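We number each residue from 1, following the sequence as shown. Treat the numbers as computed from the prediction; the structure is a model and nothing was measured. Reckoned from all heavy atoms, side chains included, excluding hydrogens, waters and symmetry mates. Counting starts at 1 for both ligands and their atoms, following the listed order.
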Amino acid sequence: MPAITGQEFLDRLRQNPPTLYIDGQRVEDPTTHLATRNMAHSLAGLYDLQNQPDLRDVLTYEENGQRYATSFMVPRTKEDLAKLGESHRIRANFSLGFLGRAPDYMNANVMAAGMGADYFASCTASGEGKRDFAANMRRYYEFVRNNDLCLTHALTNPQVNRAKMASEMPDPYIALGVVEETEEGVIVRGARMMATLPIADEILVFPSTVLKENADKSRYAMGFALPCNAPGLSFQCREPFDVGRDPEDHPLGSRFDEQDAFVIFDDVLVPWERVFLLYDVELANKAYAATDAVLHMAYQVVNLKVAKTEAFLGTAQSIVNAIGSGQFQHVQSKVAEIIVMLEIMKALEVAARDGATLNKYGVMTPARGPLDAARNYYPAVYARLPELLQYLGASGIIMMPSKADREGPLGPQIAKYLQAGNATAEERLKLFRLAWDMSMSSFGGRQSLYEKFFFGDPVRMHSALYEVYNKGPYVDRIQAFLNRSEKPQQEEVTA
Ligand SMILES: Cc1cc2nc3c(=O)[nH]c(=O)nc-3n(C[C@H](O)[C@H](O)[C@H](O)COP(=O)(O)OP(=O)(O)OC[C@H]3O[C@@H](n4cnc5c(N)ncnc54)[C@H](O)[C@@H]3O)c2cc1C
Ligand SMILES: O=C(O)Cc1ccc(O)c(O)c1
């Protein structure tokens, strides 16, 4: 059932719930549990968008008589990339860019991995027919696309001791590792640190690009996928940010708490047909880069961050309008800072698309340079966005009586004293509560952490950029300049 509806998504989630634990209890049904139901319904809302008549042409595409979500489309031309970018931005606007891991992120991952599936054929553990990892990867892309599945993913090992390799931990199965092979598949044991959006159908497990092992072969090098309710698999969720408040009070937290979970694999069987990579450390470390999956994911990200920055700009200017502060030069300058960030991200998106080339798998792939710049730039500057809202909103961003307060005995006073220059108290408080949820609530605080780390450790990302960026021509130019031998023109001295 390609391009599903929200109801189809909810029915599937109810029938096959992921094994989530929150506050010491199993979440029996994520579509009704207090901490997850609103998020589940927000995801359903995202799926409904693609069936909306006015958006259907952008959010879906046709192949072999079927309509699939555009985020699964294999881009062949720059026009295809433009359509993909537009679909990412429309979906991002649904949450004002505050859903970091909406399904289109992982859809881009499986699309690129599926198209680059030949990369996995060279895995030395393959070759015995049923261990045709390339075919497994290709089929998995088609399976996810055909069923419009929602995926979560977990790449990093628990943070027990970063001075040691996975194999040097107090227990060899703290980090997720292969225990044994059976006729049916591989048994894995251990944990992964972080899976955002565990309210999902399936989990994709790959190592991050920084798997450190001394050997060529390692039980910690693997790539596979499983349903989120596979026997032995559990997700320990963090404290929820949807605490049952009215959306007027927690406009983002009450709708878009995508959750983050610690993932525990208690001797889980991964069937052979779901294994994509095994034991090969180098192949594992290079998988994201070699299949270009990281670029297609980064392209979703740059579009998402454009939408998110636009939301900050709209909120900041609404605050300025509400309290009449637009005449002050420093206020203008603070809004201008957001405009600069937005225009930089928009320009990087255009440059990535404009410089796209067909990769060796025939996929039109956005240019690496602008995307690497975007994924290093945004984490470095994001913290300024919530800070700017705080400077612009000042006390208004904390003095925000709730909906119940407005309807309580002090309602008339609240209506009088907390009105805005251009709006009623109700309108003004809704706006400031949004600014608070973007920048200060537990939801907003988690966003600040998320933006620093969601694509990897910024320190190591900088090092990676330093390593791959071709700096040679610029060094050569400087050398040539230094070696230029012409003499400076002497001025004629006339008596
Ligand atoms: C909110 C949130 C959501 C996330 N969602 C996902 C997700 O859905 N899926 C997923 O797979 N991952 C997810 N991540 C994990 C993300 O990929 C990691 O946070 C990131 O890769 C950094 O790894 P770490 O958190 O283990 O930090 P660590 O590696 O433990 O680093 C901690 C500190 O030590 C320093 N450090 C550690 N090792 C080194 C080193 N070798 N060299 C230099 N400095 C070092 C780091 O710079 C940092 O300051 C998420 C993270 C956050 C915060
Ligand atoms: O490992 C990488 O190179 C990229 C990366 C890091 C963290 C993520 O969560 C992710 O989706 C991708």
**Q** Would the distance check show the side chain of T365 and the main-chain N or O of V363 forming a donor-acceptor pair, the cut-off being under 3.5 Å?
**A**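 Here the side-chain-to-backbone pair exists.
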
**Q** Under 4.0 Å, heavy-atom basis, I'd like to know which part of L155 is in contact with ligand 2: side chain, backbone, both or neither.
**A**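 Under 4.0 Å from ligand 2, L155 contributes side-chain atoms alone.
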
**Q** Should A195 be counted as touching ligand 1, given the test is an N or O pair under 3.5 Å?
**A**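 No; the residue has no nitrogen or oxygen that sits under 3.5 Å from a nitrogen or oxygen of the ligand.
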
**Q** For N359 and G362, indicate whether the former's side chain and the latter's backbone hold a donor-acceptor pair under 3.5 Å.
**A**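 Here the side-chain-to-backbone pair exists.
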
**Q** How many angstroms lie between atom CZ of R353 and atom CG of L371, to the nearest 0.5 angstrom?
**A**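 So the gap between those two atoms works out to 11.5 Å.
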
**Q** Using only atom types and a distance under 3.5 Å, with no angle test, would you say the side chain of Q259 pairs donor to acceptor with the backbone of R238?
**A**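 Yes: the side chain of Q259 pairs with the backbone of R238.
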
**Q** Out of Q159, H153, K452, indicate the one that has the non-hydrogen atom closest to atom 27 (O) of ligand 1.
**A**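 Answer by nearest heavy atom: Q159.
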
**Q** Please check whether D457 reaches ligand 1 - meaning an N/O of the residue sits under 3.5 Å from an N/O of the ligand, judged on distance alone.
**A**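 Yes, there is a polar N/O contact under 3.5 Å.
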
**Q** Out of M193, M194, R162, whose heavy atom sits nearest atom 24 (P) of ligand 1?
**A**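 When every heavy atom of M193, M194, R162 is considered, R162 comes closest to atom 24 (P) of ligand 1.
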
**Q** Where on N157 is there a heavy atom closer than 4.0 Å to ligand 1, on the side chain, on the backbone, on both, or on neither?
**A**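 Neither; nothing of N157 gets under 4.0 Å from ligand 1.
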
**Q** Using heavy-atom distances, let me know which of F453, F455, Y105 sits nearest atom 16 (C) of ligand 1.
**A**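 Among F453, F455, Y105, the closest heavy atom to atom 16 (C) of ligand 1 comes from F453.
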
**Q** Donor-acceptor pair, D354 side chain versus V350 backbone, under 3.5 Å?
**A**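 Not confirmed, D354 side chain does not pair with V350 backbone.
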
**Q** Name the option, out of F454, Y105, F455, that contains the heavy atom nearest to atom 11 (O) of ligand 2.
**A**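 Shortest heavy-atom distance from atom 11 (O) of ligand 2: Y105.
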
**Q** Under 4.0 Å between a side-chain nitrogen and a carboxylate oxygen: does that hold for R446 and E239?
**A**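 Not counted as a salt bridge, because no side-chain N and carboxylate O are separated by less than 4.0 Å.
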
**Q** Indicate yes or no: does an N/O atom of R446 lie under 3.5 Å from an N/O atom of ligand 1?
**A**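 Looking only at distances, the answer is no, because the N/O contact criterion of under 3.5 Å is not met.
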
**Q** How does R101 reach ligand 2, if at all, at less than 4.0 Å between non-hydrogen atoms: by side chain, backbone, both, or neither?
**A**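 The part of R101 near ligand 2 is the side chain, not the backbone.
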
**Q** Non-hydrogen atoms of Y288 versus ligand 2: any pair closer than 4.0 Å?
**A**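 No; Y288 lies far enough from ligand 2 that no heavy-atom distance drops under 4.0 Å.
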
**Q** Working to the nearest 0.5 Å, report the span between OH of Y105 and OG1 of T196.
**A**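 Output value for this atom pair is 9.5 Å.
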
**Q** How would you list, by chain and number, every residue that makes a ring pair (Phe, Tyr, Trp, His ring centres under 6.0 Å) with Y173, sequence neighbours excluded?
**A**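 Partners of Y173 by the ring pair (Phe, Tyr, Trp, His ring centres under 6.0 Å) criterion come out as none, since no residue qualifies.
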
**Q** If you take the nearest heavy atom of each of R460, R101, M106, E451, which one is closest to atom 31 (O) of ligand 1?
**A**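 The nearest heavy atom belongs to R460.
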
**Q** Would you say K286 touches ligand 2, if touching means a heavy atom closer than 4.0 Å?
**A**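 The answer is no, since K286 has no heavy atom less than 4.0 Å from ligand 2.
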
**Q** Tell me which pairs pass salt bridge (Lys or Arg N to Asp or Glu O under 4.0 Å) where either residue lies in residues 84-95, with sequence neighbours left out.
**A**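 Every pair satisfying salt bridge (Lys or Arg N to Asp or Glu O under 4.0 Å) with a residue in residues 84-95: R89-E349, R91-D104.
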
**Q** Check whether any heavy atom of M194 sits under 4.0 Å from an atom of ligand 2.
**A**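 No, M194 has no heavy atoms under 4.0 Å from ligand 2.
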
